[in-house]
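Structure first, commentary second.
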Protein chains: 2
Amino acid sequence: MDVTQEESARELLEVVPIVMRDIRSEMRSRRSAELTVPQFRTLAFVNRKEGPSLSEVADHMGLTPPSTCRLVDGLIARGMMTRQGHPTDRRRLRLIVTPRGAKILEISRSGTLACLAEKLNGVTAQDRGIIVKAMGVLRSVFAESQRKNRRKVRWCMSQ
Amino acid sequence: MDVTQEESARELLEVVPIVMRDIRSEMRSRRSAELTVPQFRTLAFVNRKEGPSLSEVADHMGLTPPSTCRLVDGLIARGMMTRQGHPTDRRRLRLIVTPRGAKILEISRSGTLACLAEKLNGVTAQDRGIIVKAMGVLRSVFAESQRKNRRKVRWCMSQ
DNA sequence: TATTGTTATACTCTATAACTATA
DNA sequence: TATAGTTATAGAGTATAACAATA
């Protein structure tokens with residue numbers, strides 16, 4: 001099935017927000033873990049990267065530094081990560097996920113995954129394959145554009 | 001390619017937030033239209049439905065009545081829709097998109113679509129077909145679960 | 001008494017502007 | 001002077017609780 005850009009863009013704009021709403025409300029309802037989507041993504045990134053700076057997190061999230069700072073603040077306030085000094089550059093910091101943060105991350109991830117997986121139960125294995133394939137394509141398209149956005153933001157900020 | 005529920009769920013949880021971030025930031029940067037994603041979705045729904053009640057909007061959006069009320073308030077305050085009385089049931093209201101609202105909706109939709117379409121430029125027509133197919137599957141899965149959520153919310157509220 | 005919508009309150013997400021400390 | 005991070009401020013999204021008006 002060959003499809004125009006416009007057609008696929010229309011579908012994305014219509015369906016992605018619906019799926020997103022569902023993911024968000026599932027995370028919110030998982031009381032034991034209580035992570036929002038941005039918190040979850042931040043925690044997962046810091047956990048994977050082991051000691052990234054704030055800028056690196058902002059870059060990955062596509063957020064401005066102040067927004068990222070607040071996001072991180074919340075996670076630190078709830079004992080899920082800590083700030084540490086950078087060995088050579090004292091302006092920078094290194095973010096580290098605490099054992100408690102790692103545990104919460106795991107609970108949140110597995111719970112949300114289980115919910116999503118259950119919903120995908122009625123979908124054929126082949127259609128699931130199509131979903132995975134589509135996600136791969138989308139990842140390559142949109143992961144790249146994040147960096148661009150980030151640079152633009154930086155540029156706007158300094159005029 | 002056959003795929004497990006877990007595998008497809010993992011991909012969704014990883015990629016959907018990234019695409020969503022992009023859609024949101026595109027809408028935000030479109031200064032002439034200045035609609036957030038929920039505002040856009042609300043306006044589009046009300047425009048399509050011609051005169052829905054607040055509850056119907058809440059249902060469609062998967063939001064609680066107070067949240068929906070505020071969302072609608074903002075759109076009304078900016079002259080994009082109006083509240084009208086329901087002919088037979090005086091508790092209800094009918095939401096109507098103003099000509100100005102319809103115009104802004106159109107500007108926002110076409111601008112965001114153009115941006116998304118441009119990003120999908122480097123994708124093959126076949127891969128776009130896969131995206132459209134996947135969106136169709138996801139729509140059927142997640143459009144249904146919204147209603148369930150809504151009922152649960154109502155139920156939670158009244159204990 | 002149940003339903004529709006609203007107001008009050010509180011939290012998170014996000015931005016821009018202005019600042020501090022370090023390089 | 002440029003960079004990393006923070007604080008101040010503000011608007012939007014969202015929830016729960018409490019309420020008013022109508023059925």
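What's counted below: heavy atoms across the whole structure, side chains too, no hydrogens, waters or symmetry copies. By convention in this document, chain letters (A, B, ...) are assigned in the order of the sequence lines, proteins followed by strands, and residues within each chain are numbered from 1.
Formation of a donor-acceptor pair under 3.5 Å by the R83(B) side chain with backbone atoms of L93(B) is not found in this model. Judged by distance alone, with hydrogens and angles left aside, the side-chain atoms of R139(B) form no donor-acceptor pair with the main-chain N or O of V15(A) at under 3.5 Å.
Summary of helix geometry: the two end axes of the helix from dT1(C)-dA23(D) to dA23(C)-dT1(D), each defined by five base pairs via their C1' atoms, are inclined to each other by 10° (rounded to 10°).
Rounded to an integer number of Å, the gap from CZ of R21(A) to C1' of dT14(D) is 8 Å. The separation between H86(B) atom NE2 and dT6(C) atom C1' is 18 Å, rounded to whole Å. The CZ-P distance, from R28(B) to dA15(C), rounds to 5 Å in whole Å. Between M20(A) atom CE and dG13(D) atom C1' there is a gap of 13 Å when expressed in whole angstrom units. Distance, Q84(A) CD to dG5(D) P: 14 Å, rounded to whole Å. If you take CD of E34(A) and P of dA15(D), they are 14 Å apart, rounded to a whole angstrom.
Within 4.0 Å (heavy atoms only), T68(B) reaches no atom of the nucleic acid at all.
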At a cut-off of 3.5 Å, list every protein nitrogen or oxygen paired with a nitrogen or oxygen from nucleotides 19-23 of chain C, distance to 0.1 Å.
residue: dT22(C); atom: OP1; partner: R90(A); partner atom: NH2; Å: 3.3
residue: dA23(C); atom: OP1; partner: R90(A); partner atom: N; Å: 2.8

Are there any protein N/O atoms within less than 3.5 Å of an N/O atom in nucleotides 7-12 of chain C, and if so, which ones and at what distance?
residue: dA10(C); atom: N6; partner: R70(B); partner atom: NH1; Å: 3.0

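Every residue was checked against the side-chain hydrogen bond (donor to acceptor under 3.5 Å, both in side chains) condition with R70(B), not counting sequence neighbours, and none meets it.
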Under 3.5 Å, side-chain donor or acceptor atoms of residues 95-107 of chain A against the rest of the protein: list the pairs with distances, not counting sequence neighbours.
residue: T98(A); atom: OG1; partner: G79(A); partner atom: O; Å: 2.7
residue: T98(A); atom: OG1; partner: M80(A); partner atom: O; Å: 3.1
residue: T98(A); atom: OG1; partner: G101(A); partner atom: N; Å: 3.0
residue: R100(A); atom: NH1; partner: R78(A); partner atom: O; Å: 2.2

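Contacts between residues 92-100 of chain A and DNA chain D, defined by a heavy-atom separation under 4.0 Å, are made by R92(A), L93(A).
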